[in-house]
*Asks:* 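Structure incoming, see below.
Keep in mind that the numbers below use all heavy atoms, side chains included, and drop hydrogens, waters and symmetry copies. Protein chains get the first letters and strands the later ones, always in sequence-line order, with residue 1 at the start of each. Given the structure is predicted, the values throughout are model-derived calculations rather than measurements.
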There are 2 protein chains.
Amino acid sequence: MAYRATEFTESRKAQTRARLLKEARKLVSREGFRGLSIAEVARRSAIATGTVYRYFPSKSELCVAVFEVATQREIEAVTAASEQIEGPVQQLRAALECFIQRAMQNPNLAYALIAEPVDPELEQTRLNYRAQWAEVFSRLLQQGIRRGAFIAQPERLCATALVGAMAETVIIPLQQARHGTPENNPVIHPLTQAHCQQIIAFCMRAVVTPEGNS
Amino acid sequence: MAYRATEFTESRKAQTRARLLKEARKLVSREGFRGLSIAEVARRSAIATGTVYRYFPSKSELCVAVFEVATQREIEAVTAASEQIEGPVQQLRAALECFIQRAMQNPNLAYALIAEPVDPELEQTRLNYRAQWAEVFSRLLQQGIRRGAFIAQPERLCATALVGAMAETVIIPLQQARHGTPENNPVIHPLTQAHCQQIIAFCMRAVVTPEGNS
DNA sequence: CCATAAAGTGAATCCGGATTCATTTCTTGA
DNA sequence: TCAAGAAATGAATCCGGATTCACTTTATGG
């Protein structure tokens, strides 16, 4: 035999893959998934169009990968934010706040992840990840219920409702903020701070026991 | 001059248009918007493909029309349901209940209207109609706030959150129910009655004053 | 330096359904 | 019945970006 992948080649390959993902994410952050064309990603990654298919079997798999990486990052950030604090009520509040804050930080990406129309395969992925989001809140709820801070109820359903409320209330401000916000030029939408608190208040009321202070 | 549209011709034209809309809606109720092709609608309406363009300038305009008619009908049903009753709390409850009930009655259509991935133009329409939904709830909230039954708060934002919570909690059961439900063979998803009440309970907690009984 | 296998290339092809348009058929008022 | 305008027809065209593939280049081990 005369050829076998060596660690050097392997890492090179991994690098290229990472580069593809990064460039793809940039494009999505700029113009959403509809701004993502194989040819463009290839160009920006300095490889040929066809080569992309050595790394991702199809465009939609690339989209899915981009989506997953980006969403995972968000989930981790929100989770981390909640873990920095004690007490179920405060934790939930922190999580919600972090979610909104980050969305407003990069409205284009947030919009793409939450609401942009995409083809079915990607939409299915989105659906799965909504379930993951619900899972995040579900855990927080569970703890709070155990300690009597939250109303006893099917946490999963409740968490889903929270996800819905958060996503919906954020979409419109997001759309407003979405136009002309370069990826690394954070702009807080004027409405946000007030809105943010109102949204959170809504969520907390739906969930916290009357006694449970905030 | 030798030709001018006569009332007969006009009504014939209106009929054809209505038939197109109806057949299109049927298709959407069966397979969502992605199951809607101009050729198929034409076939079922017993006219030629090209003729469709006499009635709708493009496919997406047809989609938008279908969406609008269907959604408007839903909005009216929900509004009507709330108006049959007295008292803000009961009214809101009735509206939410009606929303869910109808969604489960025709899961395919509901899914298409609420969550199916569609192209941007239609998605924009959906966005506008979400605002209309929010408007429906907003009015109910306003009345309730005036009478002290609901917590004082920006109704619009709150209504938006309600819309989000409702849509999100309904999507998954919807997807389960979606497969193999002929348009006129109502099936209540097993989970619904319990779920429905839980969802409503969530919404009410977020909105009703501690004193406001249910 | 060679043979082999993998990776890279990018122009050509594919694709499926929307849209068009030259032609035919129908309506109307005279 | 006729002329002229409207409506209907449906096969042919269009479209834009994903995907392919015959060929070139690069990496590996002997």
*Asks:* With sequence neighbours excluded, what pairs up with Glu31(B) under the side chain to side chain donor-acceptor pair (under 3.5 Å) test?
*Replies:* none
*Asks:* Could you give the CZ-to-P distance, from Arg17(B) to dA7(D), as a whole number of Å?
*Replies:*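 Answer to the nearest Å: 14 Å.
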*Asks:* Using a 4.0 Å heavy-atom cut-off to protein, can you give one letter per nucleotide of nucleotides 12-19 of chain C, 5' to 3': B if the base is in contact, S if only the sugar-phosphate is, - if neither?
*Replies:* ------SB
*Asks:* Could you state the atom-to-atom distance from CZ of Phe56(B) to P of dA8(D) in whole Å?
*Replies:* 13 Å
*Asks:* Apply side chain to side chain donor-acceptor pair (under 3.5 Å) to Gln132(A) and list each qualifying residue two or more places apart in sequence or on a separate chain.
*Replies:*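 Applying side chain to side chain donor-acceptor pair (under 3.5 Å) to Gln132(A) gives none.
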*Asks:* I need the NZ-P distance between Lys13(A) and dT26(D), as an integer number of Å.
*Replies:*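 Whole-Å distance recorded here is 18 Å.
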*Asks:* Ile47(B) CD1 to dC26(C) C1': how many Å, rounded?
*Replies:*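 My rounded result for the distance is 15 Å.
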*Asks:* Let me know the distance between CZ of Arg19(B) and C1' of dA8(D), rounded to the nearest Å.
*Replies:* 12 Å
*Asks:* Taking the inter-plane angle between the rings of Phe67(A) and Tyr129(A) on a 0 to 90° scale, is it parallel (under 30°), tilted (30 to 60°) or perpendicular (over 60°)?
*Replies:* perpendicular
*Asks:* For Arg156(A), check salt bridge (Lys or Arg N to Asp or Glu O under 4.0 Å) against everything at least two apart and list the hits.
*Replies:* Glu135(A)
*Asks:* Is the distance from OP1 or OP2 of dA8(D) to the nearest side-chain N or O of Tyr55(B) less than 4.0 Å?
*Replies:* yes
*Asks:* Sequence neighbours excluded, which residues qualify as side chain to side chain donor-acceptor pair (under 3.5 Å) partners of Glu40(B)?
*Replies:*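 Testing Glu40(B) for side chain to side chain donor-acceptor pair (under 3.5 Å), a comparison that skips the adjacent residues, returns Arg43(B), Arg44(B).
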*Asks:* How many Å lie between CG on Leu20(B) and C1' on dA8(D), as a whole number?
*Replies:*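 Taking CG of Leu20(B) and C1' of dA8(D), I get 12 Å after rounding.
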*Asks:* With sequence neighbours left out, write down each residue that passes side chain to side chain donor-acceptor pair (under 3.5 Å) with Asp119(B), or none if nothing qualifies.
*Replies:* none
*Asks:* Think Thr51(A) has a side-chain N or O under 4.0 angstrom from the OP1 or OP2 of dT9(C)?
*Replies:* yes
*Asks:* Nearest whole Å is fine: how far is dT25(C) C1' from Arg54(B) CZ?
*Replies:*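 For the pair Arg54(B) CZ and dT25(C) C1', the rounded distance is 12 Å.
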